[in-house]
Amino acid sequence: MRPMFKQHTIEQELSAGLQQARQQAFPDLAPVEDAATAVATGDERHGDYQCNAALALAKPLRRPPREIAQALADQLHDPERLERVTVAGPGFLNLRLRAEWLARRLELVQDDDRLGVPAPGTGRTVLLDYSSPNVAKPMHVGHIRSTVIGNALDRLHRFLGYRVVADNHLGDWGTQFGLLLLGFRHFADAAAYETEPIEELERIYVRSYNRSQEDPAWLAAARAELVKLQQGDGENRRLWASFVEHSLREFNGLYRRLDVRFDLVRGESFYNDRLPVVIDLLRQKGLAEESEGALVVRLEAEKLPVCLVQKSDSGYNYATTDLATVLSRVEEFNPAAIIYVTDERQQLHFRQVFAVSRRLGVTTRLEHVWFGLMRLPEGTFSTRQGNVIKLERLLDEAERRALEVVHQTSPAMPPAQQREVARAVGLGAVKYADLSQHPQSLVTFTWDKALALEGNSAPYLQYACARIASVQDKYREQFPGGEPRTVPIRLGAPIERTLAIKLLRFPEAVLRAAEHYRPNLLADYLFDLAQAYSTFYQNVPFLKAETGVRESRVRLCDITARTLRCGLHLLGIETPERI
RNA sequence: GCGCCUGUAGCUCAGCUGGAUAGAGCAUCAGUCUUCGAAACUGGUGGUCGAGGGUUCGAAUCCCUCCAGGCGCACCA
C-alpha cells in the first residue's frame, strides 16, 4: 500500500481556503481578528462544514454579517471540493462538498495504511507515565482508569508518529514498606506468602497499619525498618525485592491480559540515589528554605501552597521523588512533553512539582492528565475497609458474562472459539466503558455499567466489524474474481454520502482525541460511525445491488471496517473476525 | 476557610472549546428476520441543561452569586 497521502484533514484544508478568501475579501483586517475556520456542521441540512467567521467579524468590520459571509463566499474558489457555498441564517457560511470529490478521497483513503491520518509527532518524543500501581497491593477496579486511559493515549500518540516512552512509575518505595517489613517479620504466613503472595502482603499491611494507629511504638519500629531499607540493609532489601518481584509477576499477568506494554518500569526506588542531588540543586539555586524543621519551596508567585521537599527527619517525600524523576527524564529522553495520567487527587501535587521544575529550569511541556476517582455507590474504595473489587475479578466476570451471550447468539461456534470471542468482547466492554466517558467525570462503579454489552458499547462496534467481514466473505463466494477496488466509488444514496463524510472525518477524531488527551472523543466518533454504518447496512442492499453499485458498496464496507478496527485498536480493543 | 472538579430526558452519559430546532444508549410504547449476521434497524414518548443574575447578534458552553455533591489543602504516596 502507498504511504500516507495527505498531510491535512478536510477541516484544515477548508480552513486554509477560508483564510485565503478572508484575506482577499478584507485585506486590511488585522490577523488577530482572523478566525475563518471550517467546522463540521451538527446538522446535515446545513451542509457538511460551516464557517462562522462572518458573525464574529461583523463588529470590527462594522458591516452586516450576511454581507461579510457573502463576500467570503465570493472569494472562495474551490470548485473541485465544493459543490455549494451558501449564506444562511444570521450569517453562517455553509459548505457542501462535492460527492465526486468525497468519492475520490475515499478511494485514496482505502489505499492508505493510515486511513488519511497525518503523523504530526514524527521526530518528537513523548514520555507517558501511567498505571503506576503500588507494590504489595492487588490492582483493583480503580486502577483500570489510569491503565486503560493511559494505554489509549500511548497508542494514539504512537499512531500520530511520536516516539512514546511508556513508563510504569511503580509505587515501590516509601513509608508503607516500613509497615510491611515490620508486619512481615511478625505475622507472615510462609505458606500463604508462597501460594498467594499479594493477598498475604495485603493482609499483613492492613494488620500492621491498624496496629500503627493505636501503638506509637509499632509506628516508630516501622519507621526504623524503613530507614534500614533506605540505608541498604541487606535483609530488608532482600525482602523488599521479593515483594516487588511478586507484585510485578501479578501486574504483568494483568497487563498481558489487557494488552498493555511498557517501555520502562521504573518505580520510585529507581530515583532514590538522585534525591539528595535534587535537594542540593534546590539549595544551590536558593529555591529551598527551612520551615518548621523541614525544607520547603515557597510558591507564592504561582499562588500555590508551599511544596515540602525534605521532611524534618531529613527523609525525602514524594515531591522530591517526582522532581528527581522529571529531571532524570528530561536528561535521558529530552521529550517534547511528559504526560502523567493519575486520578484527580494529585492535581495540586503536580501543579507544585511542575512549578518547582520550572524554577529548576525545566522547559519541557509537563501535563497532568487527571481523571475522576472511581467509587462505589456507598463511597470510596478502601483497602482497609475491604470493599475493593479486584481487577482480576472484574475481568473474569466480564468474560463470563460475554460467554453467556456468545452461547446464546452463536451456539454453533466451536467452544474454543466461543471462549476466545468472549474474551475479546468482555475485555473490550470493560475498556470501552471507561474510554467512552469523559475522563474527568466522576465514576461510580456498578457491574452492569462496567460490563454493558449492548447499546453504546464495544460489542456494538465489534459486531459491526464482524458483519462487514461476513459481507466480504459472501462477496468473494458469490463473485469470485471480483475486484471492487477497480470499480470507482459512487455515493448515490444519501446514507452513502453520510457514511462517506463520517469516514473521512476519522483523522479529525484521532487528532482531537490525542490533542485533548481524551480517548472518549475517539470512542464517540467510532460509535457514531458504526451507527451510520448500521443504518447503511440495514437499508441498502450490497450483494443484491447492480454491478458497479455493488462493488462501490463493498468498498465502503471495507473502509468502514478498517476505520473501526483502526480506531478500536487505538483504544486497545480487539476486533475478532466473528463474534 | 481557600482551591480544583461535577450538576444536561426516569437511569447512564455525549455535546467538536460561543453557533442554527440540546443529542445518544438503557428503560418504555409501536413496527421490522422464508432474502447480505435481529448483539441490529425504523418510528413514538420523554428536557425551564441545578437556581438566579450578567456579558452579546447568539450561552448547556464565558463571568458573578447561591444551592447540592466529590476531591484536595507541608513531614502518607
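These values consider heavy atoms only, across backbone and side chains, with no hydrogens, waters or symmetry-generated copies. Each chain gets a letter, A, B and so on, in the order the sequences are listed, and its residues count up from 1. Keep in mind it's a predicted model, so treat the numbers as computed, not measured.
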query: When the nearest nucleotide of RNA chain B is assigned to A/Val443 and to A/Ser534 on a heavy-atom basis, which residue is associated with the more 5' position?
result: A/Val443

message: For A/His368 and A/Phe350, take the angle between the two ring planes, folded into 0 to 90°, and tell me which bin it lands in: parallel under 30, tilted 30 to 60, perpendicular over 60.
response: tilted

Spacing between A/Leu529 atom CG and B/A40 atom P, to the nearest angstrom: 16 Å

- request: Respond yes when some side-chain nitrogen or oxygen of A/Tyr460 is under 4.0 Å from OP1 or OP2 of B/C41, and no when none is.
  value: yes

- prompt: Reading RNA chain B 5' to 3', how would its secondary structure be written in dot-bracket notation, given Watson-Crick and G-U pairs with both distances under 3.5 Å, brackets [ ] for crossing pairs and | for partners on other strands?
  reply: (((((((..((((.....[...)))).(((((.......))))).....(((((..]....))))))))))))....

query: Just wondering, do A/Val421 and A/Met413 contact through their side chains at under 4.5 Å, heavy atoms?
result: yes

message: Nearest whole Å is fine: how far is B/A77 C1' from A/Asp322 CG?
response: 9 Å

- line: Within residues 419-431 of chain A, the residues having a heavy atom closer than 4.0 Å to RNA chain B are none

message: I'd like to know if the side chain of A/Arg375 pairs up with that of A/Thr444 as donor and acceptor (distance under 3.5 Å, no hydrogens or angles considered).
response: no

query: How is A/Val540 classified with respect to the nucleic acid when contacts are heavy atoms under 4.0 Å: base, sugar-phosphate, or nothing?
result: base

- prompt: Is there a ring-ring contact (aromatic ring centres under 6.0 Å, His included) between A/His46 and A/Phe92 once you walk through the steps?
  reply: CA-CA 9 Å; A/His46 300 135; A/Phe92 299 114; 7.4 Å; no

- prompt: Base, sugar-phosphate alone, or nothing: which one does A/Lys59 contact when heavy atoms must sit under 4.0 Å apart?
  reply: sugar-phosphate

message: Rounded to whole Å, please give me the gap between CE in A/Met413 and C1' in B/A39.
response: 12 Å

message: Less than 4.0 angstrom from a charged side-chain N to a carboxylate O is my criterion; do A/Asp524 and A/Arg512 meet it?
response: no

query: Can you give one letter per nucleotide of nucleotides 24-35 of chain B, 5' to 3': B if a protein heavy atom sits under 4.0 Å from the base, S if only from the sugar-phosphate, - if neither?
result: SS---------B

query: Taking the side chain as C-beta and beyond, is there a heavy-atom pair between A/Val309 and A/Val278 under 4.5 Å?
result: no

message: Would you say that A/Ile579 contacts A/Tyr463 through its side chain, given a criterion of any heavy-atom pair below 4.5 Å between the two side chains?
response: yes

message: Per the side-chain hydrogen bond (donor to acceptor under 3.5 Å, both in side chains) rule, what does the pair list look like for residues 537-547 of chain A, sequence neighbours excluded?
response: A/Thr547-A/Arg550

- prompt: So what does A/Thr535 hit on the nucleic acid, given a heavy-atom distance under 4.0 Å: a base, only sugar-phosphate, or nothing?
  reply: sugar-phosphate

task: When you get a sec, tell me which of B/A39, B/A77, B/G37 is the closest nucleotide to the side chain of A/Val406?
output: B/A39

task: Go through the side-chain N and O atoms of A/Gln176 and A/Tyr209 and say whether any donor and acceptor fall under 3.5 Å apart.
output: no

query: Between B/C5, B/A39, B/G37, which nucleotide has the shortest distance from any of its atoms to the side chain of A/Pro459?
result: B/A39

A/Glu302 CD - B/C4 P separation (whole Å): 15 Å

- prompt: How would nucleotides 16-21 of chain B be written as a contact map, 5' to 3', with B for base contact, S for sugar-phosphate-only contact and - for no contact, using protein heavy atoms under 4.0 Å?
  reply: BB-BBB

A/Gln478, CD atom: more than 12 neighbouring heavy atoms under 6.0 Å: yes

Aromatic ring proximity, centroids under 6.0 angstrom, A/Phe371 and A/Tyr130: no

- request: Scan nucleotides 71-76 of chain B nucleotide by nucleotide, 5' to 3', and note B when protein non-hydrogen atoms come under 4.0 Å of the base, S if they reach only the sugar-phosphate, - if neither.
  value: SSSBBS

statement: With syn defined as a glycosidic angle within 90 degrees of 0 and anti as anything else, the base of B/C67 is anti

